[in-house]
Every structure is written in structure tokens, then in C-alpha cells.
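Bear in mind that the values here come from a model prediction, so they are computed numbers and not experimental data.
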Amino acid sequence: MDQGGYREFPIFESRNFYQSRIEVPLFVRTLRLPRSARILEVGCGPGVALPVLERLLAPTRVVGVDIDDGLLRAAGRRIAEEGGSAELMRADVRDLPFADGSFDVVVDFGTCYHIARSDLALDEIARVLAVGGVFATEAKLAQILSHPIRTFGRKLGVERCTRLAPRRHAGMWTSFRKVA
């Protein structure tokens, strides 16, 4: 499926296992993501990170969005199996159906590297973040190690989004804070 310049990735349960047990906990810890926040994961895929984010951060709200209905169904099954309460919505990160300032944290495990017009996605992420909110994402290194061919020549371009200022860099991951 190609929806607006995004090509889906194959799902590997072994990778999902390591993402849920190692990657997401390290991501949360090294980027020092806040507890009791309103969290949005863009490009949530099969929902691997959502139950982990719920367990580790005790958010007041957690929402996952994706453009792929099949992946959203898989995410719904995973959330139900793990006893989570995350909301799921079909949405494009370049046109999010949320009011300005709706979230304290937006999480992206690489989606913005693999879509056309990532500048629109970053503008939308900044829009739905509350002032002082955190955009947490994979750094270029994580993308190169995970997807060396698909990542070649791609940039996130967050430096062009003036509403997002660098917050914390932790090797494989990086975060930005929304400024007024």
C-alpha cells in the first residue's frame, strides 16, 4: 500500500518483541519522557509501543494514529491482549484530527522519515503539542541502522520547524520541546 508517499514496512514479530522489551523502555528512560501526560504516537503500526508507554508513563490519555486500517486492527488486538486503554484512530500525521495543544508528548518511531512532505507532519506535530510539550523521535542513527537502504538520503528536517527546539539527544533517539 502507498498512501500519500508512505510505503508500509513488513511486520516482524521478533522485532516487535525487542521493541517492546528493550527499545521503548530505553527510549522513555533516556529521553526522560514525562509521566501523567497526554501522549500521541504517530504511525503506531501494530501498536507495539502503546501498551509499554501506558505501563511506563501512566498517561492521562494515550492515542495511536496510523493510516493503515489493517495495522490499526492489529494494534487493537494487541492493546486488548495487554489490557491497555489506548485510543486508536485512522489519521495521516500530515493532517491530524486534534485541536491545537491537545498533547503533552508526541512519539514517532520513524514514521516521519518515511513519508512524503515530512515538513507538513512536523508542523502538525508542533500544532497538536502543548507549549512546552515534547516531540520524541528516532535519531538519524536509528534509522540508518534499522533501514539503511530506505533511509539513504532522507532527513527529518526538524530544524525547519521553528516551533520545535532541541531538548535532549540520546544517540539513537532525540527529543524536541515546543516553544511558544
Task: ILVMFWY network linking Met172 to Val28, side-chain heavy atoms under 4.5 angstrom - done: yes
Task: Worked check of side-chain contact (heavy atoms from CB on, under 4.5 Å) between Val93 and Ile125 - done: CA-CA 8 Å; Val93 65; Ile125 288 166; 4.1 Å; yes
TODO: First locate atom CD1 of Ile79, then atom SG of Cys44, and finally report the distance between them rounded to the nearest 0.5 Å.
DONE: 7.0 Å
TODO: Find the distance between CZ (Phe103) and CG (Asp100) and round it off to the nearest 0.5 Å.
DONE: 12.0 Å
- [ ] Take Glu138 and Asp108 through the test side-chain contact (heavy atoms from CB on, under 4.5 Å) and record every step on the way to the result.
- [x] CA-CA 7 Å; Glu138 290 185 343; Asp108 172 28; over 6 Å; no
- [ ] Say whether, by atom type as modelled, one donor and one acceptor occur between the side chain of Arg90 and the main chain of Asp69 under 3.5 angstrom.
- [x] no
- [ ] Begin with the C-alpha distance, continue with both residues' side-chain angles, and end with the deciding distance and a verdict on side-chain contact (heavy atoms from CB on, under 4.5 Å) for Arg167 and Arg32.
- [x] CA-CA 10 Å; Arg167 174 182 174 265; Arg32 298 181 186 148; 4.2 Å; yes
Task: Heavy-atom closest pair, residues Pro34 and Leu57 - done: O-CD2, 3.7 Å
Open item on the list: Show the nearest heavy-atom pair for residues Ala75 and Gly45, with the distance to one decimal.
Closed with: CB-O, 3.6 Å
Task: Donor-acceptor under 3.5 Å (Lys178 side chain, Ala126 main chain) - done: yes
- [ ] State the CZ-CG distance between Phe176 and Leu122, to the nearest 0.5 angstrom.
- [x] 8.5 Å
Task: Asp104 and Ser36: CA distance, side-chain angles, deciding distance, side-chain contact (heavy atoms from CB on, under 4.5 Å) verdict - done: CA-CA 9 Å; Asp104 305 301; Ser36 303; over 6 Å; no
- [ ] Measure across Ala99 and Arg127 and return the closest heavy-atom pair with its distance rounded to 0.1 Å.
- [x] C-NH1, 3.6 Å
Open item on the list: Any side-chain to backbone donor/acceptor pair from Arg78 onto Leu50? Under 3.5 Å, distance only.
Closed with: no
Open item on the list: Applying a strict under-4.5 Å side-chain criterion to I, L, V, M, F, W and Y, I'd like to know whether Val131 and Leu96 cluster together.
Closed with: no
Task: Gap separating the CG atom of Asp66 from the CD atom of Glu41, nearest 0.5 angstrom - done: 8.5 Å
Task: Taking every non-hydrogen atom, the tightest pair across Leu33 and Ala136 - done: CD2-CB, 3.8 Å
Open item on the list: If you define the side chain from C-beta out and look only at heavy atoms, does anything of Val65 sit under 4.5 Å from Phe98?
Closed with: yes
- [ ] Classify the ring geometry between Phe27 and Trp173 as parallel (under 30°), tilted (30 to 60°) or perpendicular (over 60°).
- [x] perpendicular
Task: Hphob cluster co-occupancy, Val179 + Val128, side-chain heavy atoms under 4.5 angstrom - done: no
Task: Closest heavy-atom pair and its distance - Leu72, Gly64 - done: CD2-O, 4.5 Å
- [ ] Compare every heavy atom of Arg117 with every heavy atom of Arg94, then report the nearest pair and how far apart it is.
- [x] CD-O, 3.8 Å
Open item on the list: A side-chain contact here means heavy atoms from C-beta on lying under 4.5 Å apart; do Arg55 and Glu82 qualify?
Closed with: yes
- [ ] To the nearest 0.5 angstrom, please state how far the SG atom of Cys161 sits from the CD atom of Glu124.
- [x] 10.5 Å
Open item on the list: If I take atom CG from residue Leu53 and atom CG from residue Leu40, how far apart are they, to the nearest 0.5 angstrom?
Closed with: 10.5 Å
TODO: Group every Ile, Leu, Val, Met, Phe, Trp and Tyr by side-chain heavy-atom contacts under 4.5 Å, then state whether Leu120 and Leu164 land in the same group.
DONE: no
